[in-house]
**Q** 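Got a structure here, written out as structure tokens. Questions coming.
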Number of protein chains: 2
Amino acid sequence: MQNNDETCDMRGFLSFLILWILSIRPMSGSEMASEIEKRKGIKPNPGTIYPALAELAEKKAITFKNQGKKKVYSLTPKGKEMLKHSVNHFCKIFYDILSK
Amino acid sequence: MQNNDETCDMRGFLSFLILWILSIRPMSGSEMASEIEKRKGIKPNPGTIYPALAELAEKKAITFKNQGKKKVYSLTPKGKEMLKHSVNHFCKIFYDILSK
DNA sequence: GACCCAATATTGGTTAACCAATACTAATAT
DNA sequence: ATATTAGTATTGGTTAACCAATATTGGGTC
């Protein structure tokens, strides 16, 4: 843990976060990284974000369209289902945090 | 990932969850494990929960009182501060999920 | 077409969260 | 006081999420 007072390093949440953010709006890998930086304060490395995107694409949770030199990713119907399921799980665990 | 459709395995959230649950009410390690099972659906193993509790105790985030054969853990002022900080971080990342 | 840059991809290695199995401890019962 | 059992603790090993560094690709520009 980088910060000694930080109990919540978000490890394991990256693909969840990706699906969530893509449900707000489609975007490219580099935009994703910046969006995640806004939220977490730490920008994921290329070696982190691209394999994560590749894995989600292989699972048919996301697709992309080439747009210039970027790949604009968006959710597939399967990805939306997965996200819904994960959000349910998430909320079951943390239901009483949101109403703090 | 156990479930192929699960994007959110909560790895890395255990100590955060512990602080959160202890802020609701003090409880022992075994009770913690059951409470976590209720939320996550998976009960953490002894080899997971007790080292986590020991680490938080060493950081002075929690203390305990012996009560029968149990150790009833509760938050210290420092633990409350850490939790507050972590909840802020958490909400910064996931602020728009809670209002789904 | 040669060069440059942004975006994407890959490789190799590290770390830490977690589990399974086993050991210890303390209270209670017989 | 011995056995039992719930609770707590430990040990050793596995796995996967992540990073740092490097490589590749694809557009634009001169």
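Keep in mind it's a predicted model, so treat the numbers as computed, not measured. Chain naming here is simple, since letters A, B, ... match the order of the sequence lines and numbering starts at 1 in each.
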**Q** Expressed in angstrom and rounded to an integer, what is the separation of Asn66(B) atom CG from dA27(C) atom C1'?
**A**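 Nearest whole value for this atom pair: 12 Å.
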
**Q** Checking all strands, does Thr48(A) fall into the base, sugar-phosphate, or nothing category for heavy-atom contacts under 4.0 angstrom?
**A**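 Base contact - Thr48(A) has a heavy atom under 4.0 Å of at least one base atom.
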
**Q** Please determine whether a side-chain nitrogen or oxygen atom of Ser30(B) lies at a distance below 4.0 Å from atom OP1 or OP2 of dA6(D).
**A**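 Result: no.
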
**Q** For the residue pair Phe90(A) and Phe13(A), categorise the inter-ring angle as parallel (less than 30°), tilted (30 to 60°) or perpendicular (more than 60°).
**A**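 The arrangement is perpendicular - the two ring planes meet at more than 60°.
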
**Q** How far apart are the C-alpha atoms of Glu31(B) and Ser28(B), what are their side-chain angles, what is the distance that settles it, and do they pass the side-chain hydrogen bond (donor to acceptor under 3.5 Å, both in side chains) test?
**A** CA-CA 5 Å; Glu31(B) 289 172 310; Ser28(B) 68; 3.2 Å; yes

**Q** Report which part of the nucleic acid Phe64(A) touches: base, sugar-phosphate, or nothing (heavy-atom distance under 4.0 Å, all strands).
**A**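 Here Phe64(A) touches no strand at all.
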
**Q** What is the distance from CD1 of Ile49(B) to C1' of dC19(C), rounded to the nearest Å?
**A**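 Rounding to the nearest Å, CD1 of Ile49(B) and C1' of dC19(C) are 13 Å apart.
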
**Q** With a 4.0 Å limit, can you tell me whether Asn45(A) has a side-chain N or O closer than that to the phosphate oxygens OP1/OP2 of dC18(D)?
**A**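 No, no such contact exists.
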
**Q** Would Lys78(A) and Glu81(A) pass as an ion pair if we require N to O under 4.0 Å?
**A**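 Salt bridge between Lys78(A) and Glu81(A), a charged N being under 4.0 Å from a carboxylate O: no.
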
**Q** Look at the side chain of Thr76(A) and the backbone N and O of Ala61(A), then say whether any donor-acceptor pair between them is shorter than 3.5 Å.
**A**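 Flag set: sc Thr76(A) to bb Ala61(A) pair under 3.5 Å.
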
**Q** Identify whether any heavy atom of Lys70(A) sits under 4.0 Å from a base atom; if not, whether one sits that close to sugar-phosphate; answer base, sugar-phosphate or nothing.
**A**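 Answer is sugar-phosphate: Lys70(A) comes under 4.0 Å of backbone atoms only.
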
**Q** If the cut-off is 4.0 Å, is Lys71(B) near the phosphate of dA9(D), judged by side-chain N/O to OP1 or OP2?
**A**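 It does, given that an N or O in the side chain of Lys71(B) lies less than 4.0 Å from OP1 or OP2 of dA9(D).
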
**Q** Side-chain N or O of Lys43(A) less than 4.0 angstrom from OP1 or OP2 on dC19(D)?
**A**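 Lys43(A) to dC19(D) OP1/OP2: no side-chain N or O under 4.0 Å.
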
**Q** Across the strands shown, which category fits Gly47(A) at heavy-atom distances under 4.0 angstrom: base, sugar-phosphate, nothing?
**A**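 Base contact - Gly47(A) has a heavy atom under 4.0 Å of at least one base atom.
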
